[in-house]
Number of protein chains: 4
Amino acid sequence: MDILITGFEPFDGDTVNPSWEVAQALDGRVIGIGRVRACRLPVTFRDAPQRLAEALAQGRPELVIALGQASGRSEISIERVAVNLIDARIPDNAGDRPHDARVVALAPDAYFSTLPVKAMRDGLRAAGYPAGLSLTAGAFVCNQLFFELQHRLAGRGVRGGFIHLPALPEQAARAPGGLPSMGLAAQIDAIALAVAIAMGEVQVARGADEGAPTG
Amino acid sequence: MDILITGFEPFDGDTVNPSWEVAQALDGRVIGIGRVRACRLPVTFRDAPQRLAEALAQGRPELVIALGQASGRSEISIERVAVNLIDARIPDNAGDRPHDARVVALAPDAYFSTLPVKAMRDGLRAAGYPAGLSLTAGAFVCNQLFFELQHRLAGRGVRGGFIHLPALPEQAARAPGGLPSMGLAAQIDAIALAVAIAMGEVQVARGADEGAPTG
Amino acid sequence: MDILITGFEPFDGDTVNPSWEVAQALDGRVIGIGRVRACRLPVTFRDAPQRLAEALAQGRPELVIALGQASGRSEISIERVAVNLIDARIPDNAGDRPHDARVVALAPDAYFSTLPVKAMRDGLRAAGYPAGLSLTAGAFVCNQLFFELQHRLAGRGVRGGFIHLPALPEQAARAPGGLPSMGLAAQIDAIALAVAIAMGEVQVARGADEGAPTG
Amino acid sequence: MDILITGFEPFDGDTVNPSWEVAQALDGRVIGIGRVRACRLPVTFRDAPQRLAEALAQGRPELVIALGQASGRSEISIERVAVNLIDARIPDNAGDRPHDARVVALAPDAYFSTLPVKAMRDGLRAAGYPAGLSLTAGAFVCNQLFFELQHRLAGRGVRGGFIHLPALPEQAARAPGGLPSMGLAAQIDAIALAVAIAMGEVQVARGADEGAPTG
């Protein structure tokens with residue numbers, strides 16, 4: 001079974017993005033009855049949606065989790081809702097800074113995540129990882145990608161959603177005023193666990209008889 | 001050479017305290033020309049000073065670093081100044097909650113840390129650890145212990161100071177509203193590095209001819 | 001012209017709610033070509049929507065602004081989007097604490113505010129009032145009411161939206177750990193200005209020839 | 001009786017400083033048996049101490065309260081301790097940015113405020129003003145001035161201290177990421193009340209027989 005995990009390239013002048021570090025580290029890993037396929041996305045409003053579409057078409061994912069970086073948050077932050085809004089506070093990596101635009105012109109105002117967000121949060125916390133739910137993924141490329149993902153998965157019966165990650169310690173070490181952070185190893189382990197929890201629901205939805213032994 | 005590192009027992013209903021976890025992990029470790037000796041302190045205004053006095057008397061430390069937990073801080077937080085004030089917001093582990101008292105009746109209003117605080121901060125940051133300086137260690141047992149330490153070391157020519165540590169991830173995972181955290185392994189490595197940096201100054205003060213080979 | 005402004009009763013054990021204080025103070029005030037009608041709402045998931053429906057039916061509002069309290073925010077916080085989600089962190093004033101429910105079963109996942117949110121923010125800031133946009137009104141009664149409002153106004157061509165207000169100074173004075181606040185007079189003036197700015201768009205939509213002299 | 005209240009000129013590129021606005025507004029006001037004399041101080045390490053010395057010499061103050069601005073704080077913030085440390089994060093108004101210097105070479109490491117800080121905090125809160133105690137006035141010109149003040153008053157039996165004020169709403173309205181604020185009228189009233197509370201202690205110290213009728 002195909003599990004797609006996307007991460008972003010660095011942006012805003014930074015040299016690293018925890019979302020791609022985590023996705024890359026999980027690439028090829030077998031979780032439950034699935035195998036992770038990682039995809040690196042540009043932080044550009046123009047190209048990120050197309051790159052996502054290609055990644056979706058390159059396999060038949062039954063679970064898609066998009067990752068992004070949220071500087072300032074201290075927890076693994078599981079997003080609940082993507083909004084049909086682009087309103088950039090800073091330029092993206094192509095220098096674009098669109099304001100007050102819709103992500104998809106003829107689409108609803110928002111989509112909810114179809115991940116088991118509370119089971120994921122509770123499972124992470126029980127395992128000792130700081131985790132929480134969030135009601136906004138912002139209005140930058142992260143939210144755009146999240147909205148595109150939910151729009152494309154809607155009606156297909158494929159579960160998907162978005163998780164924001166804290167800064168890495170090396171990023172916080174460079175931040176003059178301080179910044180919460182989480183080590184890369186912990187982020188990788190936490191996302192692997194989150195995927196496993198989400199996979200549980202995917203397997204339940206498929207029916208017990210189809211369930212292969214978990215790895 | 002004797003390096004004393006103190007850590008506190010858990011308090012405020014918690015089951016773990018990163019300061020003792022870190023001190024314990026470093027116990028016996030050779031850093032530069034010194035060897036770490038760890039001491040566990042009670043979180044009680046009544047007993048912490050006496051326990052510190054005993055720990056100081058049990059060896060001949062040339063460097064003393066007291067560690068404490070500062071929930072809510074995201075960085076390794078190197079304290080600059082201890083104030084001669086006790087004013088507890090919560091009860092200590094003996095149930096005492098003294099207000100507006102001096103730590104030592106006939107002592108100055110404050111002592112500065114004698115650690116190389118900026119070299120430690122800069123060295124930690126350069127190595128990728130989030131670190132910062134702090135101008136207040138509060139008015140609870142941490143500040144009391146810090147003040148007692150500086151009071152006892154003053155005039156002895158022994159360098160000492162206090163470092164506050166972020167919560168551990170497992171503590172943040174239990175905090176309803178979220179809490180910045182830092183993994184234990186990173187905290188241990190960061191404090192080992194901070195000790196090494198401080199030891200450099202101790203060795204300089206001793207003079208190059210006395211310096212033994214570093215481990 | 002009828003301008004409806006709603007405010008909430010106190011909740012969570014408090015004795016005052018800035019949203020009702022502001023709405024009440026503006027009741028009957030003439031702003032542009034309109035006159036404000038204030039309505040006090042209960043902080044209960046069960047009754048707030050019905051009370052809103054009655055208030056809408058009691059006149060023919062051409063502009064509706066719902067107000068609520070957001071403890072912890074320091075600005076006049078203009079909400080951009082209402083989500084079709086109820087997930088209470090604390091009980092409402094009837095003791096109910098529903099989880100993971102939709103506000104309206106057969107409605108979209110979200111509605112955007114139809115207020116001129118950026119013109120309002122910019123106008124408030126230019127006049128010296130701290131103001132900002134928000135992408136989440138939470139998942140408590142405020143968001144429920146906001147969603148109900150947008151659902152009822154959708155297709156009617158009536159502009160509406162939601163504004164969160166900071167705590168009042170007297171509330172902050174009782175908060176042990178401190179809380180940002182804004183004085184009541186400033187809150188009243190700021191919301192009167194925000195209404196005037198929104199009215200400008202209502203009048204433009206109506207056509208210049210219909211515009212009555214402003215008061 | 002002479003009450004000296006100092007405030008600072010604007011700094012860091014700003015055009016207003018609440019501390020001088022408040023001091024100026026209280027200039028000449030009779031509080032208890034005293035009359036306020038306001039003094040405007042430059043935000044320069046070089047000149048602020050000398051200006052303070054002159055202001056102290058120009059009268060015979062029996063109470064001195066220095067005011068300063070603390071952007072980011074939401075409360076009237078009554079400082080408890082001044083430290084003998086200058087370490088500027090930004091340049092002062094003369095372009096100087098000294099690091100790791102003592103305020104007064106041959107002075108103690110710190111002085112406590114001699115104001116009745118808890119009575120002031122409690123009185124402000126009871127009157128509905130957000131107020132709190134602070135254990136650090138930073139290491140910029142505010143702390144320098146506070147330290148100079150306590151150093152000069154020590155041994156004279158004159159009570160003095162420092163209070164940090166939140167930003168004004170107009171300053172918060174210009175801050176891109178938001179900033180807690182407090183209206184000027186509330187700040188003036190709060191400081192007048194704080195002075196009255198402090199005067200109570202001054203009068204007690206003088207003895208009841210000396211007490212003149214209050215204004």
Worksheet item: Do other residues, nucleotides or ligands put more than 12 heavy atoms under 6.0 Å from R102(D) CZ?
Response: yes
Discussion item. Donor-acceptor check, side chain of D92(C) to backbone of F45(C), threshold 3.5 angstrom: yes or no?
Written reply: yes
Discussion item. Any side-chain to backbone donor/acceptor pair from N143(D) onto A137(D)? Under 3.5 Å, distance only.
Written reply: no
Practice prompt. Flag the pair R80(C) / K118(C) as yes when at least one side-chain heavy-atom distance between them is below 4.5 Å, and no otherwise.
Written response: yes
Fill in: Part of I76(D) within contact of chain C (heavy atom distance under 4.5 Å)
neither
Worksheet entry | Contacting region of L179(C) [heavy-atom separation from chain D under 4.5 Å] | backbone
Discussion item. Below 4.5 Å, heavy-atom pairs only: which of A126(D), S181(D), P169(D) has the largest tally toward chain C?
Written reply: P169(D)
Fill in: Best-contacting candidate, G177(C), P180(C), A167(C), against chain D by heavy atom pairs under 4.5 angstrom
P180(C)
Worksheet item: Any idea which of A186(C), A131(C), G128(C), A127(C) has the most non-hydrogen atom pairs under 4.5 angstrom with chain D?
Response: G128(C)
Worksheet item: Taking side chain as C-beta onward, heavy atoms only, is H164(D) less than 4.5 Å from S134(D)?
Response: no
Worksheet item: Side chain, backbone, both or neither: which part of P166(D) has a heavy atom under 4.5 Å from chain C?
Response: neither
